[in-house]
Amino acid sequence: KEIPGEALRRMEDESAQGCCGTGQTLEQPPAMRGNEGALQADASRKGMLQGYMLIIVGCLVFGAGLGLCAWAFWRPHGEIPDIEFGGNRIPKGDTRAYRATVLANGMQVLSIQDQNSLSTSFAMAVESGSFDDPDDLPGLMHFLEHMLFLGTAKYPDPQGFEQFVNMHGGAQNAFTAEEATVYYVELSTSAAGEGLDRFADFFRQPLFNESYVDQEVLAVDSEHAKNVQNPSWRLDAVLSSLANPQSPVSHFHTGNAQTLHELPKKVGRNVTAALRRQFDELYCPARMHFVTFGPSPCDEQLTAARKVLDHAPVGRSACTSKTQRRSFKAPSAWPSLGKWVDVRGTTPHASLWVMFVLPDLNREYHSKPLNYISWVLGYEGKDTFFQVIRDRLRLAYSVEVSPDISSAETILYISFGLTEAGHQRPDMILHLLFTYLSILRHGGINERLHRSLERGAQQSWDWQERSRPTDTASKFAERMTRIPLPDILAGDDLIFTPNFTMVDDLLKRLIPS
């Protein structure tokens, strides 16, 4: 549909002139109206934005010299007593028990007791992911994840673990992220003892049997072929291709038959030897985080974990200098952007993605400054940005804000599901977006609104729906790679200490230059 001329003129008049900004309620963000003087500069930019038929917007990376560098995580290494969570450190509606410790070799362990659970689950997260791929072996860390399941010194049968889990009504899986790899399994509690020992042997003595390398490469290649058809994966690949070639952000992370078999074979590269080297150097106990979940008391679970993991090899010389989390801040993944890209998609609906590059916000988990920005942009109340875009002008049917936080940088995506009118006039959406961001900057942070978001987060956390055993174990294992143990239960959910200055600083970076 074309936009009616009168509606277009009304949008232009309102965004350029604005009106009062008073009468704002506690739960509402600033309306899509503002002070006339505050919007003059934004209205003057409109001509610069019109006429561009674009799907992705890149913005310059900001933050050099701000001091938000990648950080070394707190690691107790057995220097503190066990942590037993209670009181306000667990959700009010949660009847599970939690206890954490650090083994002598530096491995962090969290045990979770659910007396009503009929199954047991284990998860291991390793502070190593696709960013650690060697330059000449794209996808190697993902391939390592696959190979770990195919036999160990104590249990050499490559199908043995899968058969054991299936026999006991369970399931197993793993995933490789940018800076972490997570393995998890669930099975009948009656098989928990042997299941734990089999699972733990992945991280003690994997075989990396060369006889199964070619076969597993085909599995990775098949996974890549499936990913190519996924719209989100295709978009991510395009974005990665725009990054600095010297940064791991720009690399191909899944791997396929070409990168893991054909090309290495041509140059005489031994993939099996590369797998062993990466495991020895990166799969160190001090960089591992283990979660055990089941009906048994936490003390019993911790005792069982100590028995099989406390002697995981910590003495490998390659591990001694690998106890701190690696930062990928340098070289910068996005030294410059300002790019506009059209992408031919695989779905009938068009979308517009606006991409901003921000500093690494991993250490800001206490304040979660992006929560405020995400909420005000996505709120559907009267006269809000979303309401104007969707209901008044019918340019988009959805607005989503999603961050991707890594030590390389934080990428903030603002994506719009476009109507036909929005597809024809993305410049209009961009003008409205940057106008509204200007309103937010000039109006300052609404502290009352922020406090209400804090209370809402607390209520959601206290009365959250109980997650399944594997979901719980894998979630906390991954979280332990980023957040100190004392804050592990609420670290991704609660706003501990508001930082209005940080929110304001991030808003100042969301500009079209």
Side-chain angles (χ1 to χ4, degrees), residues 68 71-76 80-102 108-117 121 123-125 127 177 179-180 182 184 289-294 298 301-302 325 360-375 401-407 410 447 449-500 502-503 506:
L68 289 178
W71 58 299
F73 278 76
W74 168 78
R75 297 188 184 285
I80 63 169
D82 292 356
I83 300 172
E84 189 162 3
F85 298 86
N88 61 3
R89 298 175 69 179
I90 62 173
K92 292 180 180 178
D94 194 350
T95 59
R96 294 167 172 172
Y98 301 84
R99 189 163 185 171
T101 192
V102 181
Q108 293 182 349
V109 180
L110 172 68
S111 64
I112 306 170
Q113 180 190 20
D114 185 340
Q115 295 180 340
N116 298 318
S117 178
S121 182
M124 179 74 85
E127 290 178 21
E179 298 181 90
V182 181
Y184 50 96
H289 309 269
F290 185 67
V291 176
T292 176
F293 178 106
C298 289
Q301 294 185 45
L302 289 179
R325 185 183 182 94
D360 173 16
L361 296 176
N362 266 309
R363 70 183 306 172
E364 299 300 325
Y365 75 91
H366 272 106
S367 60
K368 297 179 177 60
L370 291 179
N371 282 23
Y372 179 91
I373 296 173
S374 299
W375 196 86
V401 182
S402 55
D404 181 7
I405 302 175
S406 74
S407 66
T410 295
E447 296 189 11
L449 170 59
H450 200 289
R451 298 294 182 187
S452 72
L453 295 179
E454 295 171 41
R455 293 191 296 271
Q458 179 73 55
Q459 186 175 36
S460 297
W461 182 70
D462 277 334
W463 306 108
Q464 61 188 286
E465 184 178 353
R466 179 172 295 190
S467 56
R468 296 172 56 247
T470 48
D471 294 337
T472 303
S474 59
K475 173 184 71 175
F476 283 123
E478 187 280 329
R479 189 180 292 183
M480 289 162 71
T481 68
R482 301 178 285 106
I483 296 176
L485 277 178
D487 295 332
I488 202 65
L489 298 190
D492 276 347
D493 302 291
L494 299 185
I495 300 175
F496 297 95
T497 308
N499 188 338
F500 304 124
M502 176 61 71
V503 177
L506 294 180

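None of these values were measured; they are calculated from a predicted model.
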message = Before you tell me yes or no, could you show the steps for M502 and E364 under side-chain contact (heavy atoms from CB on, under 4.5 Å), namely the whole-Å CA-CA distance, both residues' side-chain angles and the distance that decides it to 0.1 Å?
response = CA-CA 9 Å; M502 176 61 71; E364 299 300 325; 3.8 Å; yes
query = Going by heavy atoms in the side chains, are V182 and M124 under 4.5 Å from each other?
reply = no
task = Of all the heavy-atom pairs spanning S374 and V401, show the shortest one and how long it is.
result = OG-CG1, 3.4 Å
message = How close do Y365 and P484 get, counting heavy atoms only, and between which atoms?
response = OH-CD, 3.4 Å
key: With sequence neighbours excluded, residues passing side-chain hydrogen bond (donor to acceptor under 3.5 Å, both in side chains) with S460   = none
ask   = Passes salt bridge (charged side-chain N to carboxylate O under 4.0 Å, His left out), R466 versus D114? Steps please.
value = CA-CA 11 Å; R466 179 172 295 190; D114 185 340; 3.4 Å; yes
inquiry  = Is any side-chain heavy atom of L110 closer than 4.5 Å to one of F290?
reply    = no
Residue pair I488 / I483: nearest heavy atoms and the distance that separates them = CD1-O, 3.7 Å
request  = Apply salt bridge (charged side-chain N to carboxylate O under 4.0 Å, His left out) to D94 and list each qualifying residue two or more places apart in sequence or on a separate chain.
outcome  = none
task = Decide yes or no for N362 and T410: does some side-chain heavy atom of the first lie under 4.5 Å from some side-chain heavy atom of the second?
result = no
request  = Show the numbers, then the answer: is there a side-chain contact (heavy atoms from CB on, under 4.5 Å) between L453 and K368?
outcome  = CA-CA 11 Å; L453 295 179; K368 297 179 177 60; over 6 Å; no
ask   = Nearest 0.5 Å, what's the OG-CZ distance between S117 and R468?
value = 10.5 Å
Contacts of type side-chain hydrogen bond (donor to acceptor under 3.5 Å, both in side chains), residue T472, not counting sequence neighbours = R96, S467
request  = Applying ring-ring contact (aromatic ring centres under 6.0 Å, His included), name anything that partners F293, two or more places apart in sequence or on another chain.
outcome  = none
query = R451: what forms a side chain to side chain contact (heavy atoms under 4.5 Å, CB included) with it, not counting sequence neighbours?
reply = E454, R455, P498, F500
side-chain contact (heavy atoms from CB on, under 4.5 Å) between L506 and Y372, intermediate numbers included = CA-CA 11 Å; L506 294 180; Y372 179 91; over 6 Å; no
ask   = Are L449 and S452 close enough, and set up right, to give a side-chain contact (heavy atoms from CB on, under 4.5 Å), and what steps lead you there?
value = CA-CA 5 Å; L449 170 59; S452 72; 3.7 Å; yes
inquiry  = For a quick check under 3.5 Å, do E127 and H289 share a side-chain donor-acceptor pair by atom type?
reply    = yes
note = Hits for side-chain hydrogen bond (donor to acceptor under 3.5 Å, both in side chains) against N88, two or more places apart or cross-chain, chain-then-number order -> none
task = Find the distance between NZ (K475) and CG (D492) and round it off to the nearest 0.5 Å.
result = 8.5 Å
request  = Please name all residues satisfying side chain to side chain contact (heavy atoms under 4.5 Å, CB included) with A180, sequence neighbours left out, ordered by chain then number.
outcome  = T481
ask   = Among all residues two or more places apart in sequence or in another chain, which pass the salt bridge (charged side-chain N to carboxylate O under 4.0 Å, His left out) test with D493?
value = R479
request  = Name all residues meeting the side chain to side chain contact (heavy atoms under 4.5 Å, CB included) criterion together with D404; count only those two or more places apart in sequence or in a different chain, and write none if there are none.
outcome  = E178, I411, Y413
key: Sub-4.5 Å side-chain heavy-atom contact between I112 and T292   = no
query = Shortest non-hydrogen contact from G491 to F496?
reply = CA-CE1, 4.0 Å
query = Would a 4.5 Å heavy-atom cut-off, applied to side chains only, mark L302 and V109 as touching?
reply = yes
task = Sort and list the pairs that fulfil ring pair (Phe, Tyr, Trp, His ring centres under 6.0 Å) and have at least one residue in residues 464-483, not counting sequence neighbours.
result = none
inquiry  = Quick check: closest heavy atoms across L485 and A100, and the distance to 0.1 Å?
reply    = CD2-CB, 4.1 Å
inquiry  = With a 6.0 Å cut-off (strictly less than), is the heavy-atom count around CD of Q459, excluding the residue itself, greater than 12?
reply    = no
task = Might you point out which heavy atoms bring L489 and Y98 nearest each other, and give the distance in Å?
result = CD2-CD2, 3.6 Å
ask   = Side chains of S367 and N499: is there a donor and an acceptor less than 3.5 Å apart?
value = no
message = For a 4.5 angstrom cut-off between non-hydrogen side-chain atoms, does H366 reach I495?
response = no
query = Under a 4.5 Å cut-off applied to non-hydrogen side-chain atoms, are P486 and R89 in contact?
reply = yes
query = For R99, what residues pass the side-chain hydrogen bond (donor to acceptor under 3.5 Å, both in side chains) criterion, not counting sequence neighbours?
reply = D299
query = Taking only residues two or more places apart in sequence or in another chain, which ones pass side chain to side chain contact (heavy atoms under 4.5 Å, CB included) with Q113?
reply = A97, Q115, P297, C298, Q301
